[in-house]
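Structure record follows, encoded as structure tokens.
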Amino acid sequence: MIIKILGSGCKNCETLKENTEKTLKETGIEAEIIKVNDLKEVMAYGVMSTPALVIDEKVVSVGKVLKPKEIAKILENHK
């Protein structure tokens, strides 16, 4: 599983990355986390508001800092 955090590197983007890492550790799910800061690449996903969370090339959240429980629920539904 590849998880991408899309954003400019702002505090919200960092928080989303930290929450995602925490969720992976707590659930034991293995995934690679990639931060995407390039604006052209972010826009290629059709995302106009950051941070955004992308799982296996599917945008699952936009413009929101998800809490670990919310991320866990998304990951469970993604399996």
* Using the side chain to side chain donor-acceptor pair (under 3.5 Å) rule, collect all pairs that involve residues 28-40, keeping only residues at least two apart or in two chains. => E14-K35
* Output every pair passing side chain to side chain donor-acceptor pair (under 3.5 Å) with a member in residues 58-70, not counting sequence neighbours, ordered by first then second residue. => K64-E70
* **E18/K22 ion pair, N-O < 4.0 Å** => no
Looking only at heavy atoms, which two atoms of [X] and [Y] are closest? And how far apart?
{"X": "N19", "Y": "P68", "result": "CG-CD, 3.9 Å"}
{"X": "C13", "Y": "G7", "result": "SG-CA, 3.5 Å"}
{"X": "L66", "Y": "L16", "result": "N-CD1, 3.7 Å"}

Point-to-point distance, once rounded to the nearest 0.5 Å, from [atom1] of [X] to [atom2] of [Y]:
{"X": "T50", "Y": "I5", "atom1": "OG1", "atom2": "CD1", "result": "11.5 Å"}
{"X": "I34", "Y": "K17", "atom1": "CD1", "atom2": "NZ", "result": "11.5 Å"}
{"X": "I3", "Y": "D56", "atom1": "CD1", "atom2": "CG", "result": "8.0 Å"}

* Do I71 and I29 share a hydrophobic cluster, counting only Ile, Leu, Val, Met, Phe, Trp and Tyr and linking them when any side-chain heavy atoms are less than 4.5 Å apart? -> yes
* Asked: Are L53 and V62 connected in the hydrophobic side-chain network, where two residues link if heavy atoms are under 4.5 Å apart?
  -> no
* Asked: With side chains defined as the heavy atoms from C-beta onward, is the minimum distance between V54 and V36 less than 4.5 Å?
  -> no
